[in-house]
Structure formats: C-alpha cells, structure tokens
Amino acid sequence: MGKSCRVSKLCVLCVVLALVSVATLVTLWTLALTGDDGDDVTAPWDSYRLPTDLVPKFYNITLWPRLSRHPDTGLYIFTGHSTVQFECVKETNLILIHSNKLNYTKLDEAHIVRLTASGGASAPIIKSTWLQPKTQYLVIELNGKLSQGQTYQLYAEFTGELADDLAGFYRSEYEEDGVRKIVATSQMHPTHARKTFPCFDEPAMKAVFHMTLIHPPGTVALSNGMETAVTQTKFEPSKKMSSYLLAIPVASENICSYIIDRRGFFRVQIRIWARRKAIEQGQGDYALNVTGPVLDFFQSYYNISYPLSKSDQIALPDFYFGAMENWGLVTYRETNLLYDPATSSNSNKETTATIIAHELAHMWFGNLVTLRWWNEVWLNEGFASYVAYLGADYAEPTWNVKDLIVLDDVHRVFAVDALTSSHPLTSKEDSIVLPEQITEQFDTISYSKVHRPRPLSVYTYPLSYLNHFAYSNTVGNDLWQHLQMAVTDNDVLLPRPVQDIMNPWVLQMGFPVVTVDTASGKVSQQHFLLDPESNVTVDSPYKYEWPVPVRWMKAGEVQTDIWWLLEKEAVNPGMRSGASWVLANINVTGFYRVNYDLGNWERLFTQLSTDHQVIPVINRAQLVDDAFNLARAQLVSTTLALRTTSYLSLEMDFMPWQSALDNLNYYYLMLDRTEVYQPMQDYLKKQVTPLFMHFKNLTSDWTHVPEGHTDQYNQVNAVRTACRTGLTECQNLTSTWFRQWMENPQHNTIHPNLRSVVYCSAMAAGGEAEWEFGWIQFKEASLASEASKLMSALSCTSDTQLLQRYLSFTLNSTLIRKQDATSVITSVAANRAGQSLAWSFVRDRWEYMFTQYGVGSFSFASMITGVTARFSTSDELQQLEEFVEQNGAAGFGSASLAVDQALERTRANIKWLQQNQQEVLDWFSSQTH
C-alpha cells in the first residue's frame, strides 16, 4: 500500500474519503423513556437508563473471592464492600445505582446501604431500599432531597456468587497435569460491573477506582493499576474511566506467572500473565515482543503518551470474548495471546499480533475517550478494528497485513449489510436500553464497517479529538467537528461539509452498488440488497443514496482524479471506454460494490485470462466477490459470476483464491445435498490442481514452508481444497502424515500451518480410531491454539454417531468449555453430515441452554447463524418459523437480530435455489466434459 503521508491537504482529504467508505456519524440525544403526551407515569426505577442527577467521582472497593467451595452451600462466592462518592448535580430524593445478583448485608440502621455527606454536611435519612431485578437497580428512597453541588458517599456490604458464567466477577476452572485449578477473573463489559459491586454502570459515568483484593497467601491478584501490597493487595488508583473497564483476576502463584519487559522509548512496564506452565514453555514470548512496538507505534500515531505506568495482558482459560480492553490489564482467551513457534501456525501468529494491536488501540480510542452510549459502538470498536491493522503492520512489516482488511472485514460486513435486517452504525439512543440490546450492538456492522484500508498518518484529527475529550465521553458528531476543523485549516476542497458527507453513510443502513456503463459513461447507484424482492421497511431521509468517491482505472492506468457520484446517476465522459476496460473502486477504498455493462465485463474476463496481474490483486479478489453477490441480487447472471473463477488455474495469489473459495462456499451450502455437488467438486478439483502442484514444487515436495505470509495461507487453501475435492495425491498425503502421528503420538511432524487441514482431512477420511486419537490429543494439548485446531477437526468426521456424541459434550463443561460450546456446535453444523444433527440439537435444547446452562457464556447469535447457514428448503423455513414461535416467550436475547437475519437469509436461499440450481448444474457440467 501507499507510504504514510504528512499532514497536508492530501492527507486530510484522504482521511475524509476513507471515512466516507464507512459509515459513521451521530444522532442527537433523544428523550429518555417518556410518554408521547406527557401522561407517562413510569417510575424512575422502571427505566433502563440512569437519571443524570448524580455523577460518580470515585469508588473504594474491596473484594474477597473464595477459591474453594463454601462448606454450607457448596457454592463459590465472593464478599465485598464498597463506597462510591458522587456529586448531586440536580436535587433529587432518589438514588438509583446498578446492582445485579448481589445479596446485601443489613447495616446498623436496618438498611442495606449507608449514606453520608462530605465536608461535615448532613445527608438525608434513608426512607427505604429495595432491589429492582428487571432493570437491575438498587433503589434508595430518601426522606429529603440531596443538595445540588454537594458530594455524598454511599457504602454497602455484599455477597455474590463466583459462578462459571463468564460474566462480572466469575470463576474459571481448568485441569493441568491431572489437577483441577481455580482462577477468579472478570468480564465487566458491557453491563456486568453491576454483578460485582453496586455502581453507576453506564459508559458516560466515568470515575476513579480504588481497588483492594483480599486473597490467600500464595495467590496473585491483579487490577487496572499497579499493585502496591500483597495478600491484601491494594492497587494504585485507576485513571478516570467507565465501570466496564475494570478488571480483577486472582489466581494461585503456582498456576499463574508472568514475563516482564520495560522496553520501548516510553519505558512502560509490560507484563504477560498466563498459566505458569505456558509461561515456562515460552508461549508468552511473542506477545511480549510484539506489545512494545505496538505501544510505541500508537503513542507516536496519536502523539499522546500511554497514560498508565504498566501494561498487563493476561491469558485466561475461560473467557467469553476474544479479548477485552480493560485499561492497563487486558484479558484474552488463551488462543489469542499465547503463541508457540513450534506448534502454532502463521495464522495463530497473525491473530495474536492483530488482537493485541486492537486491544492496545482501545487504550486511547475507547478508554481515554469513550462513547457516551452503546448506540454508537463503532466509536470504540470500528476505529480500533482499523488501526489494529496499522499497529500489526508496524510490528510485522513483511506481512503486508493491511491488504487483508478487505477479506477479513469488508467482505464480511458486506454480507450482513446487504440484508434488510441490517442496521445503521448509529442507532437511536432510546432504542438501545436493555442489556441484551446493548450486547447485540457488538456485531459485524460495528466492528467492520469502519474500514480504511490505506495507511494514513492522520495525526491532525486524532490528536485534537483525543486531547479535547480525554477522560470524558463523546458522540460521533464530535469526531466530525474535529475533522471539519482539519479540513478547514488545511484548505481541503470537498464537495460538501464533512457532516453532510457522513450523514448518509451512518444514519442509514446498507451501501450502494455503483453501475458503470462504459458505452455512455453513465454512472448510477442503488441500494444493494442480496434479495432484490425483500421489503425495506425502514424509511431513510436520504432515500438510500450516498455520496460516493470513485477511484478508477482505465486499461491498466489509474486515473489521478477522484470522481464524486453525488446523486442517483451522473455522466463521467472519461468512463466511455471504447475497446478499453474500466475498473472502479481501486483497491476497495470505497464501501460499495461495482457492476458494469456486459461489454466491460467481457473485456475484464479477457484481461484476466491473458495477463491477470495487470489488474491489482485486491481488485481481482473484489471482481470475484462483486460478481457472485451481484448474481445473488439478480443484477448479473449466475453464469457471469462463475466465469470469474475460470482464470483461477492461472492464479497463484492468496486474495483472489480466498475470495473465490468464500463465495463458492455458499454454493456448497446450497447445493452439496443435490445433484450439482459432484460436477462442482470436479470443476474445483480441476481448477485447484495447478495451485496444489505449484506449492508442491515451491516447497520441494512439502519439505519446507513458503516464505511469504499470504503464500503460506494459500498453501493451506491448496491442500484443503485439493483434499476436499477428492485429489487422490492430496488425500494420500494427509492420511500418511496423520497416520505417522498416530504411530508416534509424542512426535507430531505435521507443520503447524497445515495441521488444521490435515487433521480435518484425516478425520473425514478415517473412522472411530482417528476420532478417538484426535479426542485424546485435544484433551492433552498444552497449547490453546493446538487444542482449537483439534476441536475443530473433530467435527469433520462423517460418522453421525460420533458427531452426535460430540454435540452432547457441549453441555458438559468438563469435556467442552462453555466458551467453546458454540464453536463446536457451529463446526458440526458446517459439516454436511452434521448440519441436521446440530439443528436438532439446538432446537431441542434451546430453552435449557438459553435460560440455564449457557447464560453469559454461549454466543447465541453465532449459534443461530451457524446452524441455519444451509437452510434452503420450505421445510427448513417452516422448522425455523416454528422454532421462533415456540421460543418466543423465553425470547432470544442478544440473538434476536440473528434470528431475523436467519429468517431473511433462508427465504432468500429458497428463491436462489429455485432460480439458479439448473443453471449452475449446466455450467459446472459444461466445464468438466
């Protein structure tokens, strides 16, 4: 990609144009939970949003987790006491503070809290206190009013369960060397701090946290600040921050260890914490080595020093999310932080680097400056997702990882944002109030729609924005105001003010398809919908039109001027191409798809078949992805889409192959239970065989690894696809490697990059012996990433009895961790032999998983998406509709949107199959005879 630019007119223009390719802006505050006519009598404690009468200043919190069962109840518990000091900014006789699943001790005045005033003033007498479980409040009603401008202290003592639900202050268990071990740890994000201590649990309610953890001798306690004592560990006060950023793990010294580094020109103390055995085996070394450069990069990039004295990162055996950006103490799943060069793949290494970069980016974007409310999750997550690629690229410059944002983020979010059940980046604030609604906002749209795949040195707007709002909260409009200041200061010419450019991208869902007619030069746009017959029920003031910046090339030459499409259609005379081809959206720097007249498509096909490298590699991937999705939207023929794969026998680069395989996967999902399956297999085998032989030769008959990062990825694609499509040489190769491992379990010679595909291929071709061997290796694996590869491969067997057995393991946390249960279920569903088994399993056990076993730990949205991915028949649609109706009372929580999307996708799949099955069969058959 391009070199970094200085702050200049061009740089600021690039920032604006890059932001146009996303969607980001903000709505104004809306009225909170009031009736339309003023007659609403809803009690304050029945509203899910806190009133703004009280503002917290700091907390003093002491917690004591018990790492053994209570002798009477058999439960693991924690006890604690806390004081929150808050200021009254508006007179009130009511205190609402969040509390969930905490039991309180009655204090000397027979109430469960004590209220005092600062500076010798008197506090009102407490009239009554009670818990409001539905809205998760501790309610304190007073006999008099709190005085405006006065500060008060609220003290409470409480007990909670140290459950294994992966939420709040919770318990993690694992077995190592035959010994069961217990860790207390935390996940406060987004609304679980209230399950740990009473607090004002909204992101705008920032405060300083003074934390003390009581723990037995021989254990280690950590929190956001540096520890200052042992056994009863006090921590330096946190910076002013939101409650969801608090972290408090406690573990035994003999199972928790760390490595330390004080590297970097800012001399921040960096520590990597994990199981002692993992640290001793060097599994934390790579994370330690990459953290320093990434921190250095962000400090320079933002031109703001890292505001804390230390940066702790800890790998946890049980963790719901991939990672969590707690300020100064980032928590991770083991698979995302630990890396062993002897057994981890290059994909594992990239995951560790990019996730570390994502979480450390949050130390500024998200922690220093925080969204005001959860209706704008992109303000935290979207920008962190983008700059993570920049941080990882700085740490690993040879990977060229920035290009992969197109495959990993853009294509992924295109698939969701093309549905009518999508949503804008910024939702109305009063539409996101319930905890499950908040959780639902952390989706592909919020993480991946903010995409800017160019390396931009945008010092101007981050510096002013981050400095101005440090230790406070913002809305999206604040960001655009600072960007507009940069535009004005640098005399950058834009067709409209920044806010007017951004409004259509952020306040309406979806994105356009831009159609270029190279005969007339006419360029037009329309809302791209995967199902053109679907009904868009949400009105938009922008009528689903966008201001679109078009970068384009003609006959291999990039045009220097950026052309703006500011209306439904316009004419660009330069795009009248004659005998030359035109290619728009160069390197996918815009968030839109592109269609062409048939003549231009034919000229592009000719270029691909004669000298495909004239077209940039990212655009070769995008031509494939656009064509397949345009065909699903009935904008081009299915045959045209399939023809974009005809040149692949000449293609050796990763991105076009990955794009083709991702899109052909939809064909497998729809057609692998039909007569199309075998001709499709035969065609893809023919296309992949040259790639397979290329890597056989490049690696000297599989004896070493390709040098390039993405070449290593494409070697995996070659082996996986060749084996899956029945290339005998490939199947013999993987079976031999796996059999050699079975014969000598202590000596696994399969290269880490190839283990996932070899394990899966061997399981698919083998029987119970291979599966049992894989299960034993999974249970004995000491590295989380190796266990993850085996866990996925176990779902590849074609033996339905083994698959049924494997599914049953997901409801036993001693066999499959709760955090991994969703992954196992969806992996089984991805197997054509296991899809119906997985669907029946989820359907029959949904109420139990949703209301009891999986609460706080299962990713129900991913589960619904995974088990319904193949749905393409009227019978399956009926089953899904009945499932929704039967479970309507219990609800679907954070999976509600996923359920709507599953219904929409299933209906679209049925229509697609009816309209395209015969055409696809005819085309594949014609290519293999």
Side-chain angles (χ1 to χ4, degrees), residues 23 410-425 427 431 440 443-446 448-449 504-515 524-546 568 591-595 625-638 640-641 662-663 665-667 669-671 861 864-885 892 895-917 919-920:
V410 180
H411 287 183
R412 190 161 62 115
V413 74
F414 269 162
V416 176
D417 212 21
L419 302 175
T420 58
S421 51
S422 184
H423 63 87
L425 273 169
S427 302
S431 70
E440 203 169 41
D443 65 356
T444 303
I445 300 291
S446 298
S448 298
K449 194 170 179 178
W505 289 99
V506 182
L507 299 181
Q508 61 183 356
M509 66 180 180
F511 58 92
V513 52
V514 173
T515 301
S524 60
Q525 64 166 292
Q526 70 182 78
H527 184 193
F528 180 79
L529 293 171
L530 209 53
D531 179 3
E533 298 175 10
S534 57
N535 184 24
V536 179
T537 58
V538 180
D539 291 332
S540 167
Y542 308 101
K543 300 178 181 178
Y544 292 102
E545 294 179 18
W546 294 262
K568 186 82 172 172
F591 191 70
Y592 54 93
R593 295 198 180 279
V594 185
N595 193 11
D625 193 65
D626 278 348
F628 272 87
N629 284 276
L630 291 168
R632 287 181 64 183
Q634 300 176 30
L635 296 174
V636 301
S637 70
T638 299
L640 186 148
D662 287 344
N663 282 283
N665 182 60
Y666 177 75
Y667 282 57
L669 290 173
M670 296 299 99
L671 299 164
I864 290 293
T865 300
V867 298
T868 62
R870 265 190 174 82
F871 280 14
S872 56
T873 68
S874 298
D875 183 55
E876 287 167 332
L877 176 61
Q878 182 179 347
Q879 291 178 33
L880 181 57
E881 289 172 337
E882 290 173 353
F883 170 73
V884 173
E885 184 178 354
F892 296 95
S896 298
L897 183 57
V899 170
D900 292 341
Q901 291 171 344
L903 288 164
E904 184 179 352
R905 269 193 295 257
T906 301
R907 295 185 183 106
N909 291 344
I910 292 170
K911 285 189 281 189
W912 185 90
L913 204 58
Q914 292 169 345
Q915 294 165 357
N916 293 282
Q917 181 172 342
E919 182 180 353
V920 173

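Heavy-atom basis, side chains included; hydrogens, waters and symmetry copies ignored. Just so you know, residue 1 is the first one in the sequence shown, and it goes up from there.
The CD atom of Gln901 lies 11.5 Å from the OG1 atom of Thr906; values are rounded to the nearest 0.5 Å. Rounded to the nearest 0.5 Å, atoms CG (Leu897) and OG (Ser421) are 6.0 Å apart. With values rounded to the nearest 0.5 angstrom, Glu533 atom CD is found 4.0 Å from Lys911 atom NZ. Note that CZ of Arg905 and CG of Leu669 are 11.0 Å apart. Values are rounded to the nearest 0.5 Å. Distance check: Gln526 CD to Trp546 CH2 gives 10.0 Å after rounding to the nearest 0.5 Å. Note: Leu903 CG to Glu881 CD = 6.5 Å, rounded to the nearest 0.5 Å.
Contact check on Arg907 versus Asp531 returns no salt bridge, with no Lys/Arg side-chain nitrogen under 4.0 Å from an Asp/Glu carboxylate oxygen.
At most 12 heavy atoms of other shown residues, nucleotides or ligands fall within 6.0 angstrom of atom CG in Asp539.
When all heavy atoms are compared, the tightest approach of Trp912 to Val920 is CH2-CG2, 4.3 Å. Leu640 approaches Ala627 most closely through the heavy-atom pair CD2-CB, 4.3 Å. When all heavy atoms of Ala902 and Ile864 are compared, the closest pair comes out as CB-CG2, 4.1 Å.
A donor-acceptor pair is defined here as one N or O able to donate and one able to accept, closer than 3.5 Å; no such pair exists between the side chain of Gln525 and the backbone of Thr515. Listed for the Thr865 side chain is a donor-acceptor partner under 3.5 Å among the backbone atoms of Ala861. Here the side chain of Gln508 pairs no donor or acceptor atom with the backbone of His423 at under 3.5 angstrom. A donor-acceptor contact shorter than 3.5 Å links the side chain of Glu904 to the backbone of Thr420. Looking only at distances, a side-chain donor or acceptor of Glu876 sits under 3.5 Å from a matching main-chain atom of Thr873.
A cation-pi arrangement is present between Arg632 and Tyr666 under the rule of less than 6.0 angstrom and at most 45 degrees off the ring axis.
Side-chain contact between Phe628 and Thr638: absent, with no pair of heavy atoms (C-beta onward) separated by less than 4.5 Å. Contact annotation: the side chain of Leu530 approaches that of Asn629 to within less than 4.5 Å [non-hydrogen atoms, C-beta and beyond]. Leu507 places none of its side-chain heavy atoms less than 4.5 Å from the side chain of Pro424. Residues Ser896 and Glu440 have side chains in contact (heavy-atom distance under 4.5 Å, counting atoms from C-beta outward). Between Thr868 and Leu880 there is a side-chain heavy-atom pair separated by less than 4.5 Å. For the pair Leu913/Leu671, a side-chain contact is recorded, criterion being any heavy-atom separation below 4.5 Å from C-beta on. A heavy-atom distance below 4.5 Å is not found between the side chains of Leu877 and Ser874. By the 4.5 Å heavy-atom criterion applied to side chains, Asp625 and Asn663 are counted as neighbours.
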Problem set entry | Criterion side-chain contact (heavy atoms from CB on, under 4.5 Å) on His527 and Ser540, from CA distance to verdict | CA-CA 11 Å; His527 184 193; Ser540 167; over 6 Å; no
For this session: Determine, stepwise, if the pair Leu419 / Asp900 fulfils side-chain contact (heavy atoms from CB on, under 4.5 Å).
Result: CA-CA 10 Å; Leu419 302 175; Asp900 292 341; over 6 Å; no
Problem set entry | Check against side-chain contact (heavy atoms from CB on, under 4.5 Å), Met670 and Asn916 | CA-CA 10 Å; Met670 296 299 99; Asn916 293 282; over 6 Å; no
Exercise. Could you walk me through whether Lys449 and Thr444 pass the side-chain contact (heavy atoms from CB on, under 4.5 Å) check?
Worked result: CA-CA 7 Å; Lys449 194 170 179 178; Thr444 303; over 6 Å; no
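The ring-ring contact (aromatic ring centres under 6.0 Å, His included) search around His411 returns none, not counting sequence neighbours. Checked against ring-ring contact (aromatic ring centres under 6.0 Å, His included), Phe511 has the following partners two or more places apart in sequence or in another chain: Phe414, Phe528, Phe591. When the side-chain hydrogen bond (donor to acceptor under 3.5 Å, both in side chains) test is applied to Ser534, no partner is found at least two apart in sequence or on another chain.
Counting only N and O atoms by type, the side chains of Asn595 and Asp626 include no donor and acceptor under 3.5 Å apart. Between the side chains of Gln634 and Gln915, at least one donor N or O sits under 3.5 Å from an acceptor N or O.
Checked against a 6.0 Å centroid threshold, the rings of Tyr592 and Trp505 do not count as neighbours.
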